[in-house]
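Here is the structure we will look at, set down as structure tokens.
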Amino acid sequence: MLDALLVQLNDISFHVQNRSILDSVSLSVRAGEIVTLIGPNGAGKTTLVKIVLGLLSPSSGSLVRNSKLRLGYMPQKFHLDPNLPLSVTRFLKLTQKADAAIEASLREVGILHLAKSAITSISGGELQRVLLARALLRKPQLLVLDEPVQGVDVAGQSELYQLISHVKDHYHCGVLMVSHDLHLVMSATDTVVCLNQHVCCQGHPDTVSSDPAYLSLFGKKGVDSMATYTHHHDHQHDLSGHVVDQQKERAGR
Amino acid sequence: MDILLYALLAGIGVALVAGPLGSFVVWRRMAYFSDTLAHSALLGVALGLVLSLPIPLMVVILCATLAVLLLLLQINQTLSADTLLGILAHTSLALGLFIVSFIKDIRIDLMAYLFGDLLSVTAQDLAWIYGGGLCILMTLILFWDSLLAVTVHEELARIEGVPVERIKLTLMLMLALVVAVAMKIVGVLLISALLIIPAATVRRHSNSPETMAIAASLCGMVAVIFGLSMSYHWDSPAGPSVVVACFVLFIGSQLIPVKTPQ
């Protein structure tokens, strides 16, 4: 039996002042499934995500979503005015008051040691984990992640994708994720939707990566050079690229 | 002595609410917005005089109308926000002065509205300040978390069920009210200073939004006391003296080293 359908988009179009951003896009996300949106800049990925979240209304087409669906969202842009003193814990309290729940979510994303740090003092990768922790506090049924690995180095990226995969299993939630690069997300993805204002191709990552539409969008050469460089690690890196032992030192400081 | 006591009470009342509201002005980068509201207050004064309605009431109504207008214009913006604010701020100030010049039978002291007239505070003014102040404080406490959530990230707040537009409107209306009650203290040209400087003064020494808001209130109160004593001893104008005191505190706070965490 198939898992519950969380969200379904039928022929969604979106335009701003006669400029078409999305053209007749259809997709669906089920519980326990990771759907990855890939596509070049300006392909309408963020717009599509905002339509799924209900932040934007489509110009035409229909969105089927239970109005009580619990959403967790990691925005692409998060900028906090440096004049606002806000610790990680206080930031999470905006969503959820209970200290125990906050501690649990920080532990789950591996940044319990940052609980008292100021949001403005942590690294880009750590901030991504804080945002994930906030999304998890809502016990999401659908997790929407807009470029979750931005500003994170390659080793940290695969670690973050593993975390997302783990989170999906733990909450049995659906994940809709935006990414630039298919190869890194491949192992964690069930369905890839290749978007360039319209859906160019979609399906299992292996099929999509050899699809002519995908290749013409990214170029054969670009695809090859994006292939992941695999090598054996004799040590671990944390999200910001530090070797883990150093991280312990940082935590104790 | 009564005059000084009234002035002190009025100043402290305004500083109390200016602290947290000023913090939001700083966090949301609304300095120019609060300036625009303040400038439009003079138009409210002029209309109040022309229509012989209570001046603070007219100022609240005018500032609130302008706040709503700005919110609507921001949604469908074709001009950038600061251009829009620049047009409205200076037009409303000029329009206020323009209308005031036609009022022949009433002698009004324009300087008092522009730079404040703290030493002429009446019991009725005090009632306005503390009545308005109480409304603002209660609203702040009631909606604190939502206000903060919207300030930190609007989209996240919206997804988590915060009525973003209503919260932004509430903040703007509170600012309109504080402008109306603070006009008597520092005048329309200096209100923004009372909002922004105390919040900026305590920023480096605060580690949470709540401590910053409360510390800004206290800092504003100290500045009022300090400014009024300057005014008393040297016979300097009260409003500008309070702002000068704010600035002195700001410079002082920049010189104090920040405690490094752990």
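Worth saying up front: this structure is predicted, and the values here are computed from it rather than measured. First the proteins, then the strands, lettered A, B, ... as listed; each starts at 1.
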Practice item. Anything under 30° is parallel, anything over 60° is perpendicular, the rest tilted; go ahead and classify B/H153 against A/F78. Key: parallel
Review point. Which of residues 46-59 of chain A have a heavy atom under 4.5 Å from any heavy atom of chain B?
Key: A/K50, A/L53, A/L55
Review point. Can you find a pair of side-chain heavy atoms, one from B/R29 and one from A/N83, that are under 4.5 Å apart?
Key: no
Practice item. Kindly compute the distance separating CZ (A/F91) from CG (B/L156), expressed to the nearest 0.5 Å. Key: 6.0 Å
Check your understanding: Can you tell if the side chain of B/R28 reaches within under 4.5 Å of the side chain of A/D81, non-hydrogen atoms only?
Key -> no
Exercise for review: Check whether any side-chain heavy atom of A/S87 sits under 4.5 Å from a side-chain heavy atom of B/N207, and report yes or no.
Suggested key: no
Point to revise | Closest non-hydrogen atom pair between B/D145 and A/R90, with its separation | key: OD1-NH2, 3.1 Å
**Study point:** Residue-level contacts of residues 92-107 of chain A with chain B, using a heavy-atom cutoff under 4.5 Å
**Key:** A/L94, A/T95, A/K97
Check your understanding: Where do B/R203 and A/L84 come nearest, in terms of heavy atoms and distance?
Key -> NE-N, 4.1 Å
Check your understanding: Do the side chains of B/S208 and A/P85 get nearer than 4.5 Å, heavy atoms only?
Key -> no
Point to revise | Side-chain touch B/W27/A/P82, heavy atoms, less than 4.5 angstrom | key: no
Practice item. Begin from the C-alpha positions of B/E160 and A/R70 and carry the test salt bridge (charged side-chain N to carboxylate O under 4.0 Å, His left out) through to its verdict. Key: CA-CA 9 Å; B/E160 292 173 2; A/R70 285 192 309 277; over 6 Å; no
Review point. Chain A: which of B/E210, B/R158, B/M212, B/R204 shares the most heavy-atom pairs with it under 4.5 Å?
Key: B/E210
Check your understanding: Checking A/L80 against chain B: side chain, backbone, both or neither under 4.5 Å from a heavy atom?
Key -> side chain
Check your understanding: Does a side-chain N-to-carboxylate-O contact under 4.0 Å join B/E155 and A/K77?
Key -> no
